[in-house]
Every structure is written in C-alpha cells, then in structure tokens.
Amino acid sequence: MDRVTKHHILLLGGTGICGTIFARAALEVGHKLTLYVRTPSKIPEDLSSNANLSVIQGELQDAEGLKKAAACGADIFISLAGPTLGRREGTPITEALRTLYPLLLTNGTTKRILILSTPSYSAAEDANSIKWFFAINFYIKVIGGDSYLEIKGMAEETVALGEKIDWTVFRVPLLQGKALGENDGPVNAVYVGDKKWRDGLSLDRGRLVKWILEELEEGKWICACPVLSNA
C-alpha cells in the first residue's frame, strides 16, 4: 500500500474494538473519517483530537442524524457495527441501513460500501460446510438472541443494492485481538465450504482492518460476500 488513494470514509461502529483499530489505521495512511456514533465520549482522545476525524452524534433510529451523516461528503461508507450475541434488541442496524442507503445514493458522493457480516448470511457461491452448519444452527440461532436476524438483514439490505453502487459484504468468523499488528499475517478470502478448508473459524481484528484498507485500493470483491479468516 505504498500509494494509497485518500478517501473520506463515513464509519458506523467506530467506538467498538474493530472500529477503533480501523480508525487509527485509516488515519495513519491519510484517510479522512466521519464517525456516526451514539456516544462521542467513547472515542479515544488520540482519535477525537485528530484534525482528520469528525463526529456526528446520533442514534441508529435517528432519521435526521442519518440524513446528516449521508450528507457529510464521504466517498466510502464502512460499517463495522454488529449485534451483541444473546441480546433481544430487534434489528436496529438493519433498519438504519434501510434508511441510510437511499440517502447515500441520492446524495451521490458515496461510491463504495463495505459492510461487516458473518456466515449467518448465506451467499449464492457458498457450498455445504458441516462446521458452519453446526456453528450457525446449534450456536448462533440457539443462544444468539436476535443476532442471526440482524446479521442476515444487514447483508440482505446491502446485497439488494445490486448494481446501483459498488458494495462488499465481508463475512467474519470469531474475531480476536485488540490491536493492529498483534497477530500479523495473511487473510483468506473465500466462500463457505471452500474445498481447501480456508473458510476458517477465527480472524484477528488487526488482519481484518488491513484487509479492508487493501480492499479499498484493490477492489477484488466488489458485489461479493467473501468469508474472511486467518490464513
């Protein structure tokens, strides 16, 4: 990534572990960020004080807040937001995307969307996988609360954009690690049921962040739903 195209990124989920790692890495390579967050005080001081980071405060159900976020001028929208496993909270992220996407398309500045999901959403390219069948049907669906419906809904809203915009739904397994470079290494990007068993069950957050930044440059997975894991 010697030559990085500088982007203005609208980020959802920027106060979580993944979001914080991503924000630091994106700022480090010269991107500009606008974070849409419910609680700005959760943003670490080293990020909130950065001149290339702006904050829009709002709830997922806040139509006016989402309208303001969509009009921030970002050319990239990335969501690292996800449901909390086991909770019964409905599908607020899905509903927020349903409101936000038409606004992004209307404003016309956003050219790329990248959304976090999991293999709970099945892509057309997926093949049979015993490990993922059991993980989803005997774990996520049983103790996951509304997580299954939320993850599935987030991906479906994005895939439904079709050819209106370049989108990527990157599906992740169990995430681990709390810092960039903590467990460096390559990332497998495949589909469920990969014949070479590369659809692993774990992924380091630092590796995920590096993959996202590389995908912004390379565009290998436009209008696709890869499963990512540690190689």
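All residue numbers in this chain count up from 1 along the given sequence.
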Just how far is it from atom CG of L11 to atom CG of L114, taken to the nearest 0.5 Å? 11.0 Å
Closest non-hydrogen atoms of L53 and L47, given as atom of the first, atom of the second and distance, are CB-O, 3.7 Å
Could you tell me the separation between the CG atom of L104 and the OG1 atom of T99, rounded to the nearest 0.5 Å? 11.0 Å
Determine the minimum heavy-atom distance between P119 and I136, stating which atoms define it. O-CD1, 3.1 Å
Would you say F170 and S117 make side-chain contact, with heavy atoms under 4.5 Å? no
Pick out which of H7, K111, K6, H8 makes a side chain to side chain donor-acceptor pair (under 3.5 Å) with D75. H7
Knowing that exactly one of N50, T20, V37 qualifies, which makes a side-chain contact (heavy atoms from CB on, under 4.5 Å) with I43? V37
Correct closest heavy-atom pair for Y36 and G65 would be CE1-O, 3.4 Å
Of E157, K152, E150, the residue whose pairing with T94 passes side chain to side chain donor-acceptor pair (under 3.5 Å): E150
Heavy-atom closest pair (G177 atom, I17 atom, distance to 0.1 Å) is O-CG2, 4.1 Å
Under a 4.5 Å side-chain heavy-atom rule over Ile, Leu, Val, Met, Phe, Trp and Tyr, are L100 and I78 clustered together? no
Can you check whether D184's main-chain N or O pairs, donor with acceptor, with K210's side chain at less than 3.5 Å? no
Any donor-acceptor N/O pair, D146 side chain to G90 backbone, under 3.5 Å: yes
Report the C-alpha distance between L208 and V187 in whole Å, list the side-chain angles of each, state the deciding distance to 0.1 Å, and finish with yes or no for side chain to side chain contact (heavy atoms under 4.5 Å, CB included). CA-CA 8 Å; L208 168 61; V187 171; over 6 Å; no
Are L12 and L216 grouped together when hydrophobic residues (ILVMFWY) are joined by side-chain heavy atoms under 4.5 angstrom apart? no
Min side-chain heavy-atom separation L116-S79 under 4.5 Å: no
Mind checking what makes salt bridge (charged side-chain N to carboxylate O under 4.0 Å, His left out) contact with D204, not counting sequence neighbours? none
Decide whether L180 and V172 are clustered together by the hydrophobic rule: side chain heavy atoms of Ile, Leu, Val, Met, Phe, Trp, Tyr closer than 4.5 Å, transitively. yes
Between T34 and L10, is there a donor-acceptor pair closer than 3.5 Å when you use the side chain of the first and the backbone of the second? no
So if you build clusters from Ile, Leu, Val, Met, Phe, Trp, Tyr with side-chain heavy-atom gaps below 4.5 Å, do I76 and I165 land together? no
Would you check if L201 and W132 make a side-chain contact, meaning some heavy-atom pair closer than 4.5 Å? yes
Using the side chain to side chain donor-acceptor pair (under 3.5 Å) rule, collect all pairs that involve residues 58-69, keeping only residues at least two apart or in two chains. none
Sub-3.5 Å donor-acceptor pair from the side chain of E182 to the main-chain atoms of K178, do we have one? yes
Given side chains that start at C-beta, do those of V209 and R24 come closer than 4.5 Å, heavy atoms only? no
Indicate whether any N or O donor in one side chain lies under 3.5 Å from an N or O acceptor in the other, for R171 and S120. no
Would you confirm whether R207, through its side chain, and P186, through its main-chain N or O, come within 3.5 Å as a donor-acceptor pair? yes
Check step by step if side chain to side chain contact (heavy atoms under 4.5 Å, CB included) holds for C225 and W167. CA-CA 9 Å; C225 306; W167 55 264; 3.8 Å; yes
If you apply the rule side chain to side chain contact (heavy atoms under 4.5 Å, CB included), what do you find for F77 with I115, and how did you get there? CA-CA 8 Å; F77 170 60; I115 302 293; 3.7 Å; yes
Atom pair CG (L213) and NE2 (H31), whose distance is rounded to the nearest 0.5 Å: 5.5 Å
Considering all heavy atoms, the nearest E215-I222 contact: OE2-N, 4.1 Å
Could you tell me whether the side chain of K196 reaches within less than 4.5 Å of the side chain of N188, counting heavy atoms only? no
How about R112 and T168: do any of their side-chain heavy atoms sit closer than 4.5 Å? yes
Beyond-backbone contact of V159 with Y121, side-chain heavy atoms, under 4.5 angstrom: yes
Does any part of the side chain of L60, heavy atoms only, come nearer than 4.5 Å to the side chain of I93, both counted from C-beta? yes
Residue pair I113, L161: steps toward the side chain to side chain contact (heavy atoms under 4.5 Å, CB included) verdict: CA-CA 10 Å; I113 291 173; L161 292 169; 3.7 Å; yes
If I take atom CD from residue Q57 and atom OG1 from residue T39, how far apart are they, to the nearest 0.5 angstrom? 7.0 Å
Are L97 and L105 joined in one hydrophobic group, where the rule is that I, L, V, M, F, W and Y side chains link up if heavy atoms are under 4.5 Å apart? yes
Got a second to check how far I9's CD1 is from T110's OG1, nearest 0.5 Å? 11.5 Å
Gap separating the CZ atom of F22 from the CD1 atom of I212, nearest 0.5 angstrom: 6.0 Å
Over all atoms of both residues, closest heavy-atom pair of A70 and L103: CB-CB, 3.6 Å
Looking only at atom types and distance, does a side-chain atom of D126 sit under 3.5 Å from a main-chain N or O of V192, one as donor and one as acceptor? yes
Kindly say whether S41 contributes a backbone atom to a donor-acceptor pair with the side chain of S48 at under 3.5 angstrom? no
